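Below is one structure, written out as structure tokens; comments come after it.
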Amino acid sequence: MRWLPFALLLPLVSVAAEIPVKRVEGEPAADPHSPAWLAQPAVAVPLYPQASVPPATKASRASVKVRAQRGAATLALHLEWADRKPATERGIGAFADAAAVQWPQRPEAELPYIGMGHRGAPVSLWFWRADGTAELLAAEGFGTLTVQPDGGVQARGEWKNGVWRVVLSRAAAPSQESLSVAFAIWNGEGAERDGLKRLSAWQTLRPDGKVSLRSTATSGNVALGKRLMREKGCAVCHNYPGNPARPAIGPDLSYAGGLHAPAYLAESLREPSKVVVPCRGCFAEQDGRRVSFMPPFEGSDTEREDILAFLKSLR
Ligand code: HEC
């Protein structure tokens with residue numbers, strides 16, 4: 001059994017979260033405390049502080065429990081997360097708790113950037129806020145958020161014993177396809193709003209109710225990757241755990257593995273200007289195109305795999 005120790009050494013980088021969609025008679029319950037929701041097993045989805053574009057959220061990691069149901073005409077999501085104190089009023093210096101469900105507008109195309117999509121890859125958002133707001137938003141990158149009038153999003157949230165439970169729903173055509181979906185929450189007590197939030201990576205909704213746990217082992221070496229971050233100059237521009245310089249020239253990579261799909265991380269190294277994170281001082285505008293200040297990675301394939309293994313471990 002010589003292969004066994006080797007297999008055990010391969011780091012288990014991520015277990016893809018899939019969310020089964022339960023079919024229900026009629027329509028899913030609007031009441032977030034309905035037993036029709038609470039009896040259904042939930043999937044815990046990790047949430048990470050938004051740190052790619054300043055101002056970054058100071059809050060720590062969290063998680064949201066997600067349940068999904070499809071009725072005759074609507075698709076509904078039930079979100080549940082811990083919050084010691086509800087914040088339901090907005091005013092000067094006061095912010096209300098909120099949650100959003102993010103969808104790619106073109107499910108057949110490449111996945112949009114996790115932070116509100118990117119140029120050419122727009123997202124739709126179902127948005128709920130504890131002051132009673134329920135709306136459909138659209139965005140094509142940070143800072144491009146617009147409200148879609150008559151978006152048809154229904155949402156109801158209730159706070160009880162330190163837990164928010166929210167049901168968001170919208171009319172949806174029956175789909176046999178897997179759907180990508182991501183989540184965000186804002187803690188009003190912590191003055192969170194806009195980009196100050198915690199968000200998840202893209203997850204997969206499985207309309208057939210079947211989920212598979214996929215583990216994506218990687219061939220790269222995390223420790224070597226961490227060393228290469230310094231040797232290849234990444235540490236000059238990016239903050240990440242173990243980089244004492246704490247530079248802020250490029251986005252903070254502290255949660256890069258938790259938030260970004262492996263394919264996106266690989267693309268960031270290969271072709272930095274393909275999807276440009278719109279942080280201030282991160283890019284130049286040339287002929288209407290954004291050109292990243294990050295140089296494309298130069299090194300061997302093994303070095304790139306090691307760096308990717310390190311990035312995926314940041315979560
Ligand atoms: C000269 C500064 C600089 C260097 C050196 C640099 N980067 Fe970047 N990096 C940036 C900037 C600026 C951005 C944001 C613009 C963009 O999307 O390309 C970025 C974006 C990224 C992203 C996407 C982050 C996100 O939140 O979406 C990753 C991942 C990344 N860099 C990894 C690396 C790695 C790994 C190295 C070393 C091989 C490296 N960078 C070297 C400046 C740099």
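These numbers come from a predicted model, not from an experiment. What's counted below: heavy atoms across the whole structure, side chains too, no hydrogens, waters or symmetry copies. Just follow the structure's listing: the first ligand is 1, and inside any ligand the first atom is 1.
- Interface of Phe293 with ligand 1, defined as ligand atoms under 4.0 Å from a residue heavy atom, comprises 1 (C).
- Remark: the Glu158 side chain and the His33 side chain contain an N/O donor-acceptor pair separated by less than 3.5 Å.
- The local environment of NZ in Lys232 is crowded, with over 12 non-hydrogen atoms from other residues, nucleotides or ligands closer than 6.0 Å.
- Side-chain contact annotation: Asp252 with Asn239, donor-acceptor N/O pair under 3.5 Å present.
- For atom 17 (O) of ligand 1, the closest non-hydrogen atom of the protein is Val277 N, 2.8 Å.
- Of the possible donor and acceptor atoms, one in the side chain of Arg106 sits under 3.5 Å from a partner among the backbone N and O of Gly120.
- Counting atoms of ligand 1 from 1 in the listed order, those under 4.0 Å from a heavy atom of Tyr264 are 23 (C), 25 (C), 27 (O).
- Using a non-hydrogen distance threshold of 4.0 Å, Val276 registers as a contact of ligand 1.
- When the shell of 6.0 Å around CZ of Arg227 is examined, it contains 12 or fewer heavy atoms from other residues, nucleotides or ligands.
- Annotation for ligand 1: atoms under 4.0 Å from non-hydrogen atoms of Phe297 are 38 (C).
- Side-chain atoms of Gln50 never come within 3.5 Å of backbone atoms of Leu199 as a donor-acceptor pair (strictly under, hydrogens ignored).
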Q: Check the pair Trp128 / Trp186 against ring-ring contact (aromatic ring centres under 6.0 Å, His included), numbers first and verdict last.
A: CA-CA 10 Å; Trp128 164 87; Trp186 289 261; 9.9 Å; no
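- In terms of protein heavy-atom proximity, atom 12 (C) of ligand 1 is nearest to Cys282 O, 3.4 Å.
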Q: Start with the C-alpha gap between Tyr255 and His260, add the side-chain angles, then the distance that decides, and say whether ring-ring contact (aromatic ring centres under 6.0 Å, His included) holds.
A: CA-CA 8 Å; Tyr255 304 103; His260 301 302; over 10 Å; no
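- Listed by atom number, the atoms of ligand 1 under 4.0 Å from Tyr113 heavy atoms are 25 (C), 26 (O), 27 (O).
- If you check the gamma sulfurs of Cys279 and Cys282, they are less than 2.5 Å from each other.
- Among protein atoms, those of element N, O or S found less than 2.8 Å away from atom 8 (Fe) of ligand 1 are His238 NE2, Met294 SD.
- Counting atoms of ligand 1 from 1 in the listed order, those under 4.0 Å from a heavy atom of Ile307 are 35 (C).
- Residue-ligand proximity, Ser52 to ligand 1, at heavy-atom distances under 4.0 Å covers atoms 26 (O).
- Heavy atoms of Gly233 come nearer than 4.0 angstrom to ligand 1 in at least one pair.
- Polar contact check, Val275 against ligand 1: a nitrogen or oxygen pair lies under 3.5 Å apart.
- Under the 4.5 Å side-chain heavy-atom criterion for Ile, Leu, Val, Met, Phe, Trp and Tyr, Leu75 and Val43 are members of the same hydrophobic cluster.
- Taking the ring centre of Phe95 as origin, the terminal cationic atom of Arg193 falls inside the region bounded by 6.0 Å and 45° from the ring axis.
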